[in-house]
K.L.:
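Structure in structure tokens, see below.
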Amino acid sequence: MTRARSIHRALGPVIASLCALISASCADEKPKRAVFHAEGAPQTLAEWGVLTVGSGVLHLADGAVVYDLATPLFSDYAAKLRTVSLPAGQSAILGPDGSIDFPVGTIITKTFYYAAKDIATEAPQSEAARAHAVGVAPPLEIAGKALQLGGLRLIETRILARREAGWVALPYVWNDAQTEARLQRAGSLIPLSLTRDNAEATTFGYVTPNVNQCAGCHATDATTRALEPIGLHARHLGGPSPNAPRIDQIDALRLVGVLTVANEASAPLARNADWTDENQSIDERARAYLDINCSHCHSDKGPARTSGLDLTTDAPAGPKLGYCKPPVAAGSGTGGRRYGIAPGDPDESILVYRMETTLPGAMMPEIGRALPHDEGVDLIRAWVARLVGDSA
């Protein structure tokens, strides 16, 4: 009996529920499928058909599948809704190394949002620059294909579309009325006031990327400079499916036809840890966090390969991971510290400093955040403090 048949037999009722969820209708009207644009740059998100808004409800297109990451990239405490839509009758190929090859016509969306509060009374002159008070939002509650937006503030939706010539990235920014998202090729700056855990509000500028900046993360191979999805890799997709919590996400994506396995006889796929799961080792959690936040640049082939730093989960412990490694050309970005990672001493580790700071030219990642991730820094600090080494 094949693995897929075993799953079907053991989880029949759950699978039925999952398949019903993926093909469910919104109210009395079945959602339409996404609209793939083989060329050009549609001016509104609605033209893609993946996500549409009506009467305070965000509707997902028929065939749009929600997915999540075991450890997500930090983006100024924004929550994210991720979807993938494939051409009808086609699936992506999951390779033995965990990579996923998507067919032409694939549309990936990532929507950033917060919990909405009252609009700040001390609004600036320009409505476009109006500051909104926001809080950290929980994951969206998905009911069929409808997502209630009450109490939420949509900020932006980024699209990756797989065309014949390769992937293209297009950023769309939501209006204040939460009725439409329009293409912002030049990016934008949105003043926000963030409240977390009843603490004092922090005011910052949320930056949506311009089209060229998308390549800063998604061009993971410095030689080809071709854009690629980052999170849609087997190592990031561990854990339960957001569509059916009793099924592993890879299995769930296979069951609804999103994934086809290239080689059933392959060795088990590597999976990254959930960085918040204290039942997993601190080393696994820290390495997963660094992988998703840093390794799209810091790898053997990434844009930051000349630094000699490799922050992928399979990089061996030692100088390539930063242990007792002097910086190549970090300048003031070192914060006066001598080594990438000083084992046992987070206060002497450049890695920790660059995660903590918000100074331009020093903070890491260079784009994608304006705030430090306090909880992420705490994790990496604790991990470095437990490392053993000699950097004298």
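What you see below is based on every heavy atom in this structure, not just the backbone, and it leaves out hydrogens, waters and symmetry mates. In this chain, numbering begins with 1 at the start of the sequence shown.
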K.L.:
Got L183 and L45 here, is their nearest side-chain heavy-atom distance under 4.5 Å?
P.N.:
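The answer is no, as the side chains (C-beta and beyond) never meet within the 4.5 Å cut-off.
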
K.L.:
Do S299 side-chain atoms and G302 backbone N/O form a donor-acceptor pair below 3.5 Å?
P.N.:
yes

K.L.:
Does a donor on one side chain sit under 3.5 Å from an acceptor on the other, for S349 and D345?
P.N.:
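There is no such pair (donor and acceptor under 3.5 Å, judged by atom type) between the side chains of S349 and D345.
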
K.L.:
Apply side chain to side chain contact (heavy atoms under 4.5 Å, CB included) to residues T71 and N272 and explain how you reach the verdict.
P.N.:
CA-CA 7 Å; T71 292; N272 280 0; 5.5 Å; no

K.L.:
Indicate the atoms forming the closest heavy-atom contact of W275 with L379, along with that distance.
P.N.:
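Result for this residue pair: CE3-CD2, 3.8 Å.
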
K.L.:
Heavy atoms only: give me the nearest P242-Q249 pair and the separation to one decimal.
P.N.:
CD-OE1, 3.4 Å

K.L.:
Taking side-chain contact (heavy atoms from CB on, under 4.5 Å) as the test, write out the residues that go with T260, two or more places apart.
P.N.:
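In terms of side-chain contact (heavy atoms from CB on, under 4.5 Å), with neighbours along the sequence ignored, T260 is linked to S91, I93.
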
K.L.:
Judged by modelled atom types alone, do D97 and S99 share a side-chain donor-acceptor pair under 3.5 Å?
P.N.:
yes

K.L.:
Given 3.5 Å as the limit, does a donor-acceptor pair link the side chain of R337 with the main chain of P346, or not?
P.N.:
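Such a contact is found between R337 side chain and P346 backbone.
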
K.L.:
Just so I know, are the side chains of D62 and K32 near enough to count as touching, which here means a heavy-atom distance under 4.5 Å?
P.N.:
no

K.L.:
For side chain to side chain contact (heavy atoms under 4.5 Å, CB included), just list the numbers for I292 and H236, CA-CA rounded to whole Å, side-chain angles, deciding distance to a tenth of an Å, and then say yes or no.
P.N.:
CA-CA 8 Å; I292 191 64; H236 297 308; 3.6 Å; yes

K.L.:
Kindly indicate, with the supporting measurements, whether the criterion side chain to side chain contact (heavy atoms under 4.5 Å, CB included) is fulfilled by D374 and R196.
P.N.:
CA-CA 11 Å; D374 295 339; R196 296 191 296 120; 2.9 Å; yes

K.L.:
With ring-ring contact (aromatic ring centres under 6.0 Å, His included) as the rule and sequence neighbours excluded, what pairs involving residues 173-210 come up?
P.N.:
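Sorted result for residues 173-210: empty, none.
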
K.L.:
Rounded to the nearest 0.5 Å, what separation is found between the CG atom of N210 and the CD atom of Q184?
P.N.:
11.0 Å

K.L.:
Below 4.5 Å, heavy atoms only, C-beta onward: do L253 and L237 meet side chain to side chain?
P.N.:
yes

K.L.:
What I want to find out is whether R381 reaches E356 closely enough, with some N-O distance under 4.0 Å, to be called a salt bridge.
P.N.:
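A salt bridge links R381 with E356.
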
K.L.:
If you measure only the distance, is there a donor-acceptor pair under 3.5 Å linking the side chains of T109 and T83?
P.N.:
yes

K.L.:
Sub-3.5 Å donor-acceptor pair from the side chain of R369 to the main-chain atoms of L371, do we have one?
P.N.:
yes

K.L.:
Hey, does the side chain of E366 reach the backbone of M363 with a donor-acceptor pair shorter than 3.5 angstrom?
P.N.:
no

K.L.:
Please answer: with hydrophobic residues joined when any side-chain heavy atoms are less than 4.5 Å apart, are L149 and L51 in the same cluster?
P.N.:
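Shared cluster, yes.
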
K.L.:
Could you tell me whether the side chain of S307 and the main chain of A304 form a donor-acceptor pair under 3.5 Å?
P.N.:
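Between the backbone of A304 and the side chain of S307 there is a qualifying donor-acceptor contact (under 3.5 Å).
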
K.L.:
Measure the shortest side-chain to side-chain distance between E180 and T44 over non-hydrogen atoms and say whether it is less than 4.5 angstrom.
P.N.:
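Of all side-chain heavy-atom pairs linking T44 with E180, at least one is under 4.5 Å.
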
K.L.:
Where do D277 and R285 land on the salt bridge (Lys or Arg N to Asp or Glu O under 4.0 Å) test, with the steps shown first?
P.N.:
CA-CA 8 Å; D277 184 0; R285 294 164 56 209; over 6 Å; no

K.L.:
Decide yes or no for V211 and R185: does some side-chain heavy atom of the first lie under 4.5 Å from some side-chain heavy atom of the second?
P.N.:
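They are in side-chain contact.
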
K.L.:
Please answer whether the main-chain N or O of D101 pairs with a side-chain N or O of R162 as donor and acceptor at a distance below 3.5 Å.
P.N.:
no

K.L.:
When you measure from the side chain of R287 to the backbone N and O of T313, does any donor-acceptor pair fall under 3.5 Å?
P.N.:
yes

K.L.:
Can R153 and D176 be said to form a salt bridge (Lys or Arg N to Asp or Glu O under 4.0 Å), step by step?
P.N.:
CA-CA 9 Å; R153 169 72 190 177; D176 287 343; 3.0 Å; yes

K.L.:
Do S188 and T208 meet the criterion of a side-chain donor-acceptor pair at a distance under 3.5 Å?
P.N.:
yes

K.L.:
Would you name the heavy atoms of P327 and R338 that are closest together and state the gap between them?
P.N.:
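In this case the closest contact between P327 and R338 is CD-O, 3.2 Å.
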
K.L.:
Would you tell me whether T157 and T111 have side-chain atoms, one donor and one acceptor, within less than 3.5 Å of each other?
P.N.:
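Looking only at side-chain atoms, T111 and T157 do form a donor-acceptor pair, the distance falling under 3.5 Å.
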
K.L.:
Are M364 and L321 linked, directly or through intermediate hydrophobic residues, by side-chain heavy-atom contacts shorter than 4.5 Å (ILVMFWY only)?
P.N.:
no

K.L.:
Quick check against the 3.5 Å criterion: does D251 have a side-chain atom that pairs as donor or acceptor with the backbone of I247?
P.N.:
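No, D251 side chain to I247 backbone: no donor-acceptor pair under 3.5 Å.
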
K.L.:
For the backbone of A78 and the side chain of D76, can you confirm whether one donor and one acceptor N or O come within less than 3.5 Å of each other?
P.N.:
no

K.L.:
Donor-acceptor pair, distance only, cut-off 3.5 Å: does the side chain of T106 make one with the backbone of P103?
P.N.:
yes

K.L.:
List the residues meeting ring-ring contact (aromatic ring centres under 6.0 Å, His included) with Y77, not counting sequence neighbours, and say none if there are none.
P.N.:
F74, H373

K.L.:
Does the side chain of I159 come within less than 4.5 Å of I108's, by heavy atoms?
P.N.:
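They are not in contact (no side-chain heavy atoms under 4.5 Å apart), so the answer is no.
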
K.L.:
Take W48 and H37, measure what side chain to side chain contact (heavy atoms under 4.5 Å, CB included) needs, and give me the verdict at the end.
P.N.:
CA-CA 7 Å; W48 291 91; H37 295 268; 3.7 Å; yes

K.L.:
Using side-chain hydrogen bond (donor to acceptor under 3.5 Å, both in side chains), reason through S281 and D283 one step at a time and then give a plain yes or no.
P.N.:
CA-CA 5 Å; S281 74; D283 184 70; 5.2 Å; no

K.L.:
Do R235 and R271 touch side chain to side chain, with heavy atoms closer than 4.5 Å?
P.N.:
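No. Closest side-chain heavy atoms not under 4.5 Å.
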
K.L.:
Would a 4.5 Å heavy-atom cut-off, applied to side chains only, mark K325 and K320 as touching?
P.N.:
no

K.L.:
Just how far is it from atom CG of N293 to atom CG of L73, taken to the nearest 0.5 Å?
P.N.:
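These two atoms lie 5.0 Å from each other.
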
K.L.:
Would you please say whether a donor-acceptor pair under 3.5 Å links the side chains of K301 and T223?
P.N.:
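On atom types as modelled, these side chains do not qualify, holding no pair under 3.5 Å.
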
